[in-house]
Structure formats: C-alpha cells, structure tokens
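Reckoned from all heavy atoms, side chains included, excluding hydrogens, waters and symmetry mates. Sequence lines set the chain letters: A, B, ... in the order given, protein chains first and strands last, and positions in each chain run from 1. All figures in this text were calculated on a predicted structure; none of them were measured in a lab.
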Amino acid sequence: MSWETVIGLEIHVQLSTKSKLFSGGSTEFGAEANTHVDLIDMGLPGVLPVANKEAFYKAIRFGLATGAKINQTSSFDRKNYFYPDLPKGYQITQMTKPIVEKGSIKIYLDGSEKVINITRAHLEEDAGKSIHDLFDGETGVDLNRAGTPLLEIVSEPEISNAKEAVAYFKAIRQLVTFLDICDGNMAEGSMRCDVNVSIKKNDSSELGTRAELKNINSFKFIEKAINFEIDRQTKLLENGESVVQETRLYDSEKNETRSMRSKEEANDYRYFPCPDLLPVVISDKELIEIKENLPELPEEKEKRYVEDIGLDKSEAVIISSSKAMANMFEEASAKTNDAKLVAKWLVGDVSALLNKDNIEIDESKLSAENFGKLIERITDNTISGKIAKSVLEDIWENGSDVDKVIETKGLVQIQDESILEDIAQKVIQSNPDQVSAYLNGKDKLFGFFVGQVMKETQGKANPKSVNDILRRLLK
Amino acid sequence: MTIKYKSVKEFKEMISQKEISNKEIIQEVFNLIDDNKGLNAFITLNEENSIKKAEYFDNNPSELSLAGIPIAQKDLFCTKGLRTTCGSNILNNFVPPYTATVIENLENAGCISVGKTNMDEFAMGSSNETSFFGNVHNPWGENLVPGGSSGGAAAAVAAGIVPAASGTDTGGSIRQPASLCGITGIKPTYGRISRWGMIAFASSLDQAGPMARTAEDCAILLNEMCSHDEKDTTSLDETVPNFQENLNKPLKGKKIGIVKDLDLSNLDNDVVEVFENSLKEFQSLGADLVDISLPNLALSVPTYYVVAPAECSSNLSRFDGVKFGRRSEHTKDLEELYVNTRSEGFGDEVKRRILIGSYVLSAGYYDAYYKKAQQVRRLIKNDFENAFSNVDVIMTPTTRGPAFEIGSKGNDPIQMYLEDLFTISANLAGLPALSLPNGFIDNKPIGLQIIGNFLDESSILNFAHMYQSETNWHMHTPEGIK
C-alpha cells in the first residue's frame, strides 16, 4: 500500500501596524508585561472596538500580491471561548467575510515550481500570553500582545510533504517581508503556523482524517513535526487502526507530537457577527492607492536583476530571496558603477560570512553604504580584491568605515610603477635559479614572481601593474 | 423652597434666578435620598463630589445648559472612580478607570451626577427584581415593582428626588419603568447616543436615553446626551438637531399610525380605554388616526429572546474573575475559577439568558435560531419602514397594564418577558420610542408609547409635548413620599 500525504497550513502573520487591531495600544515587542494594554485590550466592561484601517491596508497588499480577490466589504465575527489570556472571552475574527480570498503563491523546490492556492486570508486579533513557569502554582497573564493584528493565511490542502510545507512557509515569509506588512521575525513570534496533516491511499480521492499541529514557529520544527506526524499516521493506518481527528502539540525537545484535545473535546466557538463593529468598507480609491504603492515583489526583482542589470540567474535568486539582501544590493549598487561586482561579492564573500555567523544580513554590522564603498575602492583601484577581503573581514567584525580601515592599516594599493619596478628587480636578482628555469620554459614560475612582489608589498601592489612589469623584465 | 417634583426646566429657572444655591439643591437631593431610602433606588451615592461641584457652580455661575442640575445615573454606565455594579454581585467591587461618553456629555453640560441607580442585573429584567442589591419599590405603591431594568432611575424621578435620570433601553428598559412609575422616558434611534462606557447587555439593541418628568425635559437632556463618538463605530455620524425646537409645532394634519395587527383584546378594558382616550386627545389636537399593518410584530418577543441572549452570552464572557470584578474564593484550578466565579457572581435571570444565548449560537442550532431571528428582525424593520411611509408616528400602550406586585411574576419568566411585548419592536428596528403618562388604573400610572421614524426623535417629542401641554397626567405625584 502506498500513502499520500496531504498538508494544509494556517499561517498567522503579525501585521506590523503601530497600534493594535481594535485599540490605540502599542504593538511594540518586548515591553514590560501589561504595559502596552489599554482599556479595550483589557476588555473592560463598556469598551468598544474600533477597527484599525492600517491593518486592512496591509492585508490588502498581501491579497494583491497573491492575485487574490479583495472583499471591499468585509466583516468581523466573534469566536467565543474562555481562556485567561483572552480578555473578552471571545476573539474578534473574520469568519464569514474575510478581507482576502482565493489567492496563490509559487514555491520552488529542487528546481521545480509549484503553485499553492490560498483559500483565504483574514484579519483577527491576537490573544495575550499565559506564563506558566514564572510563578509557583500560578499562571501569569501578559496582555501586551492581546489585540495585535494578525493576518491568518489559510492554504488549500495542496502541500505534499514537509519540504514543500517549509518552502511554502518561506515563500509567504519572503512575500510578507517584501510587502513590509510583517517583520518576519520568527523568534519573536511574528509568524506562527498551524499545520493540518492527513494521509490517504494513493488512489483515493477522499481526504484522510487530519490532525492539526498547533503553533509551530520555526522552519526546522515544521519539517520535523510533519515528518513525525506522517510517520505516526502511516503506522496507525498500516496497522489497521484509524487516525483520530484532534489537535496535537509538537514537542521540539522530544521531537514528537502529542494529543492536546480530540474533536469531541473541541470548543464550540459559537461564532456570530460581532455586533460592535459595522462591516468595514474599502473604497475603490483606497484600493487603487494601495495597488499603485505596492512595492516590487521578489519575482519582479529577480527578473529585473537578470534582464536589466545582467546578473546570473543564480545570483539574482539569492539576492531577491530576502528583502534585506535585495535592499543591501540595491543600496550598495547605487554607490558604485559596478552592480555586477556588488552582486558577486554579496553572493560570494558576504554570504559566506553570513553562513559562518548564521545570521541574516540585516543583523550584521555591514551597512549598505560601507559595502558600496568597499566595492568602489576595488573599482577605483585603491585596493586590490585580495586586500578587499581583509577589509571586509574587518568591517564585518567591527563595523568600521572602509576608508578608515584602508588608511590606518596602510592598505592603499601601490600604483607607482617605478617603485614596483624596483621591487620586481630585487625579486629577480635574489632568485637567479627560478629566473633561469622560467626563461627555459617553466612558465608556471611566473606566479612565483608575482607572489614574491606581493609579499614584499604586503599585498598592496596593483596586480595588473606587477604582471606587466614582470613580463617586461623577464623577457 | 423645595426641589421635590420640580422639572429640569424649573431647576434651571431656580438656579438662574438664584432662588436657591447649587449647594442647597444638592444637599436637599441627598436629604430626599435619605428620607426615601426605603425605595432602594440608589446603589452608590456620589455625595462628596456632588457637593464640591455644586460649590464650584455657586462660585462660578455657569451658562452651561445643565449647570447644577442633579441627575441620577443608571449603574450600568461606567463612571471613573465611582463604583459601577450593573446591579450584579460580580461587579460588586468594580470601580471603572474611565467614564462613559454619555455621562461625560451630561457632565460636560454641567449636570451633577448624584449617584448610581439600582437596576435589574445587567439590565435583564422588567421589574427590578433581579438586582443583586434588592428590589426597588415603586413610589406609587410600596408593594409594586417600578418596572425595569431602569427601575431605580424611574423611581428616583417619580419620587421627585431628582428631576431626571439616565437610563438604558434594550427591550423597553426606559419606557416600561417610565410607564409603571408615571414619568416620561425616551429611547432615541439606535446609534444616536454613544455606547462607549455602557456595560453591554445586547450590543445591537442597547441604547441610552433620558428619563424625566416631561417630554420637554427629555428634549433638553437628549440634546446633551447625543453625539457622534469615534470610539463607538455603531454611533451615527448624523447632525444632532435641537430637540427643543419642534416641541410646540401644531399637530394639525399629522398622522398617527394605529397598529391593526396588535391584538388588544386580551388587555384589561381599562388599559384599552386609557389608550383610546389619549388617541381622542390627539385627534382633538388635529392629528389623524391611520390604520397601519406590522404583520411580523407578533414575532418580536421570540425574536428578541433569541438575539438579546445570544449577544449577552458573549458580552458577559469577560466576567470571568481573571482581570476585574469579583473572583470566587473557592478556586482550585482554572475551571473552578470560571465556574465558581460565574456561579456565585451572576443571578438566575442572567444565567438563564447566558444559557439560552449559548444554546442558540451553538453549532447545529445557529441557523435555526440566531440566523432565523436576524432574518425576522429584518422583516420587522421592513414593516416599520413601510408603515412610516404613511404616518408620522405610531402609538401603542407602553405596557400591558400598570405596575404589578413585587414577587407576582417571579416564577414565570415568560410572563415577565411579555412585559416588553409593545416595546421590543422599536429596539429590534432601531427606532426612537417614548413613553409618557396617559392615565391611571387603580391609582397606578400607565403610559402611552409613541414610536418615531428613524432619526425622528423630534416628532415623537413634539407629539408628547403637545399632549402634556393639554393634559396633566404627568403632573400627578404619588402619596407617601417623604
């Protein structure tokens, strides 16, 4: 018997609005507990929500970028359940009329392309946080996050394996950061996802019973949790048992999923239209304005890099993979005449340093201005490529200014041909054996002389001049 | 100089003529409250602040329209620093950190909030018997209910303690107690008055309004209470007219809709007689009676008792003992925290409605109950729209009879729900409606309801004021009030 996996993702994207979805409370991360909470966030008796239009604009950007239908009239519903970090006893969400419906996004995996359809993307408020491990025998509640706007992006069950799920999640993350609607910061919980996994027989058209894996917030865990779950469900089915519809929790320490609650225990959320909020209407004018101000998307950037700038496709893919990379490339290029060289360095040496430190480019000390200057110093022959590598390492570690590093370390390239000729003469005179071998046809020794000159000049010699001089003297 | 039974208009006159100081007024109000403690009309008093504000006005005479006027506020409006219980044990200790917009509007106009009035718990009730703080007694008879839920407000005004009070009306909670206590009260169009700071019962039906001795006083208060409020998205962005402007407009040629679908045959003859006498009075003022049809009116009560409990079941979820209000002392774990806090904190009627509401919203029943009720609500609204294409106002009795005895309907929620038979439809349709005294049955006052078209409070105030210019039902005062 062969089995087929069917996966759907619900990704919660925290929208980067200044204030919350229904209040003026700040959405800033990391503040002292319960300090970013106003009357509305607390759910005090008598308070009323007012929808934040900015959240709608951000949701619409996502909708437009995924070719979705934008519901210019969308409404809010209440999802009722009790939990201490849910101040009102209900969450305001868009159940019946979401702002975005029927979009799609392309994912790339092992060189091939697949379209994943997006069922809907709706706005809802986040809950607060329950803190179970801080107080002995008691639970603390921090409502700072309560009311933060979330865009819940629901995919169709069209994802076939863990790797595809990760690629989809990455594509969504790339898109929302390019659109500037979410900071994409997974560690701070700006993106979290629920994964629905089911298994069916290869030839069956009917979906299997699914398990929902709750609240996973890293690429690695998504992959591991799905693979564990596929394995668990396959074993159950192969043993003739059946999968129970339930919500499961992924434990990253033990790398396993555990049952949280079964369908029978599931809440009846008693959804109904929120009587405190009128439907939100987006005018044609607003929609057009959002459309016109939509930023360049990754795919468009990639195309432009190849066609207009002349980058290799592979370079263009890497650079357009994240907004921070693309920004670094575009801003640094603006400071030089050689965008291709910027790309080469970005994809080569800079990426190597990123990998070594395991960070994103916007977490590094490298500024676009400084990086652009570094490339400019190569193109204007102030330093050689080799010296540039050591300068890069320096500014990478310390964030120091390129020109200052070149100056204080005396790294300016020696351009003066008479100085270089003197040094070359000295090298030839002190290596008579190698000279005669070279003159007898051992061409490979040419590099030896170049190396010696470089050594004498601590790498500061202009390589082209050194080459020219040596060829002339060694005739 | 006594302030008892004086209208807002008369208070303004007394204050501007310096016949009495603001401080004397307030002191006398608190004497009256004290003398009539037996009515149980107030839950919390605001004596110290009231006297301070009165002294301020004595030192700084003010042109504000309500400067120095003592007003009692229903204990459902949040008042900063002043306990707000909503008539419930669960909010027994709740002191809000903010003030409701409507109270702010009144206070900005100079009124002095002397205290918070008793009410049915969370405004759920028609007799003020569900209050955690005990029954309110009707000034017209100690054993009589004042109506509800704004029972304390109605009793305080009827007893002449204050000239006016704020109330709220979700299914008749201003009009029914106004009728039973012999005063005038108006529920304006849904959205006229901001709901910010009103503790929600049923959000799509709740609307605040004034309760006073006369229609003219209601107009004066309404002028200040209405406002567009950005904090309430259901508040209407409409210009608020001067409601006093049209009070004296002649009624000649105006049309009064009489609902043919309303079966008055099972009402007491007395009630019908009082109603018909009022209609004759209006005819003599030049208005014409026109038969209208509201075919879905009979569905109002069942519709209301699906929609209102549904919304209440959700609105009251926040009272969970976690953040504010009362928390049970018997809690081993989270489940007990919820169950015991809510079991101890809520009274039977509130629990009953939470149960009904949860049921009609639950999976599998939503379509049959909540969704259906919303559809019927739409039909009722359409009926009114059609009717108002032919008439200026619609008149019905406010209640099925005068005040009943405390305890007489306690075990029969359906009988209690039928108290709102005539008033509920205006809430479902979002229309303005007023009740004013139009007669007595066995020495107990009873009221006439005037329903107006959307945003047309002016017409119903006009009808009411013209009626009160010709009759003196609203001038009667109960005996036995100290």
Side-chain angles (χ1 to χ4, degrees), chain A residues 22-24 34 37-53 75-92 95-96 127-128 130 132 137-143 146 263 266-281, chain B residues 76-78 84 86 88 90-91 94 96-101 122 191 194-200 202-206 229-235 307 310-311 313-325 334-335 337-338 342 357-366 370-371 374:
Chain A
F22 299 114
S23 83
N34 296 313
V37 185
D38 81 355
L39 304 175
I40 297 171
D41 308 324
M42 238 182 304
L44 278 184
V47 300
L48 296 166
V50 176
N52 179 349
K53 264 282 178 86
S75 58
F76 285 104
D77 303 277
R78 290 187 185 174
K79 177 181 179 178
N80 295 283
Y81 66 96
F82 285 100
Y83 206 68
D85 59 25
L86 187 71
K88 300 186 292 295
Y90 55 83
Q91 179 195 31
I92 304 179
M95 168 75 171
T96 42
S130 291
H132 300 292
E138 290 179 327
T139 294
V141 175
D142 177 5
L143 294 179
K263 191 188 175 192
N267 284 314
D268 178 352
Y269 292 120
R270 306 187 318 271
Y271 286 99
F272 76 108
C274 181
D276 287 332
L277 288 158
L278 300 177
V280 174
V281 179
Chain B
L76 174 146
F77 297 106
C78 286
T84 300
C86 227
S88 181
I90 210 160
L91 286 179
F94 178 59
Y98 78 111
T99 296
T101 299
F122 284 102
S194 168
R195 291 187 297 115
W196 173 261
M198 262 175 78
I199 298 178
S203 316
S204 74
L205 300 158
D206 295 344
D229 186 358
E230 285 179 356
K231 294 201 287 273
D232 173 6
T233 59
T234 62
S235 117
V307 175
E311 292 181 9
S313 73
S314 175
N315 284 334
L316 268 55
S317 294
R318 69 191 63 202
F319 305 107
D320 58 5
V322 174
K323 308 157 294 283
F324 44 74
L334 183 59
E335 174 133 355
L337 169 74
Y338 286 145
R342 290 167 67 81
S358 302
Y359 177 76
V360 300
L361 288 177
S362 58
Y365 297 97
Y366 178 87
Y370 188 76
K371 202 172 160 194
Q374 288 294 15

Handout entry: Stepwise side-chain contact (heavy atoms from CB on, under 4.5 Å) test for Arg342(B) and Phe82(A)
Key = CA-CA 12 Å; Arg342(B) 290 167 67 81; Phe82(A) 285 100; 3.7 Å; yes
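- Annotation: maximal heavy-atom pairing with chain B below 4.5 Å, among Ala51(A), Pro49(A), Pro84(A), occurs at Pro84(A).
- With a threshold of 4.5 angstrom between heavy atoms, Leu39(A) approaches chain B through side-chain atoms but not through N, CA, C or O.
- Two residues are said to be in side-chain contact when any heavy atoms from C-beta on lie closer than 4.5 Å; Tyr90(A) and Ser313(B) fail this criterion.
- Of the atoms belonging to Ala310(B), it is backbone heavy atoms, and not side-chain ones, that fall under 4.5 Å from chain A.
- When each of Val360(B), Leu316(B), Thr233(B) is checked for heavy-atom pairs under 4.5 Å with chain A, Thr233(B) comes out on top.
- The CG atom of Asp85(A) lies 10.0 Å from the NZ atom of Lys323(B); values are rounded to the nearest 0.5 Å.
- For chain B, no part of Tyr269(A) is nearby; none of its heavy atoms comes within less than 4.5 Å.
- With a threshold of 4.5 angstrom between heavy atoms, Phe94(B) approaches chain A through side-chain atoms but not through N, CA, C or O.
- For Ser358(B), the parts lying near chain A are the backbone and the side chain together; criterion is any non-hydrogen pair under 4.5 Å.
- Per-residue heavy-atom pair counts under 4.5 Å with chain A were compared for Ser194(B), Gly197(B), Ser204(B), and the maximum is reached by Gly197(B).
- Of the listed residues Tyr370(B), Tyr98(B), Tyr366(B), the one with more heavy-atom pairs under 4.5 angstrom with chain A than any other is Tyr98(B).
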Practice task
Take Lys371(B) and Phe272(A) through the test side-chain contact (heavy atoms from CB on, under 4.5 Å) and record every step on the way to the result.
Solution key: CA-CA 9 Å; Lys371(B) 202 172 160 194; Phe272(A) 76 108; over 6 Å; no
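- Considering all non-hydrogen atoms of both residues, Gly89(A) and Ser317(B) come closest at CA-CB, 3.8 Å.
- Scanning both residues, Ala363(B) and Asp268(A), for their nearest heavy atoms gives N-OD2, 2.7 Å.
- Contacts between Ala100(B) and chain A at a heavy-atom distance below 4.5 Å are absent for every atom of the residue.
- For Leu334(B), the part lying near chain A is the side chain, with the backbone staying farther off; criterion is any non-hydrogen pair under 4.5 Å.
- For the set Gly321(B), Ser314(B), Ser362(B), the count of heavy-atom pairs under 4.5 angstrom toward chain A peaks at Ser314(B).
- If you measure heavy-atom distances from Lys231(B) to chain A, the contacts under 4.5 Å come from the backbone alone.
- Both the backbone and the side chain of Asp276(A) come within less than 4.5 Å of a heavy atom in chain B.
- Looking only at heavy-atom pairs under 4.5 Å with chain B, the residue among Val50(A), Val47(A), Ile40(A) that has the most is Val47(A).
- Proximity of Asn315(B) to Arg78(A): side-chain heavy atoms (C-beta onward) are separated by under 4.5 Å at one or more points.
- With respect to chain B, the highest number of heavy-atom pairs below 4.5 Å among Pro45(A), Pro273(A), Cys274(A) belongs to Pro45(A).
- Of the two parts of Gln374(B), neither the backbone nor the side chain holds a non-hydrogen atom closer than 4.5 Å to a non-hydrogen atom of chain A.
- Using a 4.5 Å cut-off between heavy atoms, Phe77(B) makes no contact with chain A at all.
- Considering only heavy-atom pairs separated by less than 4.5 Å from chain B, the leading option among Leu277(A), Asn80(A), Leu44(A) is Leu44(A).
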